[in-house]
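For reference, the structure discussed in these notes is given below.
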Amino acid sequence: MSESFTHCVLPYDRVDDLLDGALPFLRDGAEAGDRVIALCGIAREMLLRDALGAEAASVEFVEPAAWYSHPARTLADCLSDADDTAWRGRRLRLLGEPVVWASRPPLEVLEWQRVEAMLNIAFRGTGAAIMCPYSSSLPAGVVAAGRRTHPETVRGARSIANPLYMDPWAYSAKCDGEPLPPPPADADELDVVRPDLYWLRAYVTEYAHRTPLPDEDLQRLLVAVTEVVTNALRHGAPPIVLRMWTEASGADPALVCEVTDQGSWDPRAGHGLVPPRPSGTATGGRFGLWAVRLLCSIVQIRTGPGGSTVRLRLRLPAVPAAMNGV
């Protein structure tokens, strides 16, 4: 089995264009004995099954909403599947359309776009093949990002180099090009001046209990905050400040926890964007930041001469209007 990884974008306007690219991809996998997965809803599944005929039996059809549950966790799970399939002497072949995540809140969409870029690094040597159909009906920004995160473009059964493809690290830096909005004036604030983090965890717990954050998410937050503050104490520079606030308005309510310090990171650190491989070579890992990304809904990082900021977001469940202000 080849260890080369392929990642193609399939732009399409009509269903026939989709089938012209997707069917050869799926059939080639079925004939080669690959593990073939198609992420699609019931209507697309019926269309593909009808077109594939008997070969549809060799394809695993998976509901995309469950697959695209969380950017970092999906990346980790898919990479684990690719490694496990390769260990068994087969190739993982995945057809995945971004329709589900393209309509989610903007910060989450940005992270899915970053995942599309970073899997070009994470999946090297796995032998996996991923094809991502991008309909022209998707938001223009999603389509434009797709052309920058896939090394190859598919037209029919033919794959060609994508001239708009960007280096994954450069693309990720572009995602972080805008400064973070400042914390609200009423954000809670705690100066971190000692390595004993008992009081820090107590502070985070007390604030979180004022919100509808589920207990299991509070435990994730405590682990993530402890990791980030420990990093700041060991590798940053004072003052180190923890701020917390809630964003209850809009379609994506969240509990936000931010840690700032006056240190700056090596731009080659990777910011925990790539999962550590089983060999222990933590490509792209930095001080457990990959684990922090798994624990939180969204992690935003900014670093430079003016200091470093790590902003953790955990999604809050919707609260009925009658409970607001309680």
Side-chain angles (χ1 to χ4, degrees), residues 7 9 68-76 78-79 96-124 130 132 134 138-151 162-183 224 228 231 247 250-252 254 256-260 264-275 282-315:
H7 187 207
V9 62
Y68 293 118
S69 59
H70 180 282
R73 293 172 205 158
T74 294
L75 175 58
C78 189
L79 180 58
E97 199 164 0
V99 174
V100 168
W101 59 254
S103 59
R104 290 180 180 167
L107 289 180
E108 185 178 347
V109 170
L110 184 67
E111 289 310 303
W112 284 112
Q113 292 168 336
R114 193 200 305 267
V115 164
E116 286 271 53
M118 300 312 297
L119 60 81
N120 294 302
I121 295 172
F123 278 70
R124 287 174 181 166
I130 297 179
C132 303
Y134 273 65
L138 290 168
V142 171
V143 174
R147 295 183 182 278
R148 288 170 172 78
T149 55
H150 295 75
N162 180 7
L164 297 178
Y165 174 66
M166 287 182 65
D167 171 80
W169 293 115
Y171 183 85
S172 181
K174 180 176 176 290
C175 291
D176 297 332
E178 295 294 327
L180 295 174
V228 172
N231 291 342
E247 295 180 0
D252 194 28
V256 185
C257 184
E258 175 184 277
V259 179
T260 61
S264 60
W265 297 353
D266 184 335
R268 299 167 296 178
H271 300 181
L273 289 166
V274 178
T283 306
R286 176 187 168 88
F287 309 127
L289 280 172
W290 169 248
V292 172
R293 291 186 183 276
L294 292 174
L295 291 166
C296 300
S297 301
I298 297 290
V299 177
Q300 297 170 282
I301 298 173
R302 301 291 187 272
T303 184
S308 297
T309 299
V310 180
R311 187 172 288 185
L312 314 176
R313 299 174 61 90
L314 277 90
R315 185 168 290 116

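If you're wondering where the values come from, they're calculated on a predicted model, not measured in any experiment.
Within the structure, every pair that satisfies the salt bridge (charged side-chain N to carboxylate O under 4.0 Å, His left out) test and touches residues 301-312, not counting sequence neighbours, is listed here: Asp176-Arg302, Glu258-Arg311.
Taking each heavy atom of Ala102 and Val109 in turn, the nearest pair found is O-CG2, 3.8 Å. Nearest heavy-atom pair, Tyr68 versus Glu97, reported as atom, atom and distance to 0.1 Å: CE1-O, 3.6 Å. Residues Leu312 and Ala224 approach most closely at CD1-CB, 4.0 Å, considering heavy atoms.
By the side chain to side chain donor-acceptor pair (under 3.5 Å) test, Thr309 is found to be paired with no residue, residues two or more places apart in sequence or in another chain being considered. For Thr260, the side chain to side chain donor-acceptor pair (under 3.5 Å) partners two or more places apart in sequence, or in a different chain, are Arg243. For Arg313, the salt bridge (charged side-chain N to carboxylate O under 4.0 Å, His left out) test picks out Glu247, with sequence neighbours left out. Under the rule for a side chain to side chain donor-acceptor pair (under 3.5 Å), the partners of Arg315 that lie at least two apart in sequence or sit in another chain are Glu108, Asp252. Remark: Ala140 engages no residue in a side chain to side chain contact (heavy atoms under 4.5 Å, CB included) (not counting sequence neighbours). Residues satisfying the side chain to side chain contact (heavy atoms under 4.5 Å, CB included) test with Ile301, not counting sequence neighbours, are Trp265, His271, Leu289, Arg293, Val299, Val310. Scored by the side chain to side chain donor-acceptor pair (under 3.5 Å) test, Thr303 finds Ser308 as partners (sequence neighbours excluded). Residues passing the side chain to side chain contact (heavy atoms under 4.5 Å, CB included) test with Leu294, sequence neighbours excluded: Ala72, Arg73, Ala76, Trp290.
Once rounded to the nearest 0.5 Å, the distance linking OG of Ser172 with CG of Asp167 reads 10.0 Å. Summarising the geometry, atom CG belonging to Leu273 is positioned 7.5 Å from atom CD belonging to Glu111; distances are rounded to the nearest 0.5 Å.
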Only pairs under 3.5 Å count here: list side-chain donor-acceptor contacts from residues 116-123, not counting sequence neighbours, and write none if there are none.
{"unit_1": "Glu116", "atom_1": "OE1", "unit_2": "His7", "atom_2": "NE2", "d": "3.2"}
{"unit_1": "Glu116", "atom_1": "OE2", "unit_2": "Tyr134", "atom_2": "OH", "d": "2.6"}
{"unit_1": "Glu116", "atom_1": "OE2", "unit_2": "His150", "atom_2": "NE2", "d": "3.4"}
{"unit_1": "Asn120", "atom_1": "OD1", "unit_2": "His7", "atom_2": "ND1", "d": "2.9"}
{"unit_1": "Asn120", "atom_1": "ND2", "unit_2": "Glu116", "atom_2": "O", "d": "3.3"}
{"unit_1": "Asn120", "atom_1": "ND2", "unit_2": "Ala117", "atom_2": "O", "d": "3.0"}
{"unit_1": "Asn120", "atom_1": "ND2", "unit_2": "Thr149", "atom_2": "O", "d": "2.9"}

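The environment of Arg147 atom CZ is sparse: at most 12 non-hydrogen atoms of other residues, nucleotides or ligands sit within 6.0 angstrom.
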Intermediate values then yes/no, side chain to side chain contact (heavy atoms under 4.5 Å, CB included), Val9 and Tyr165: CA-CA 10 Å; Val9 62; Tyr165 174 66; over 6 Å; no

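Side-chain contact between Trp112 and Thr74: present, with at least one pair of heavy atoms (C-beta onward) separated by less than 4.5 Å. The closest side-chain heavy-atom distance from Val142 to Gln113 is below 4.5 Å.
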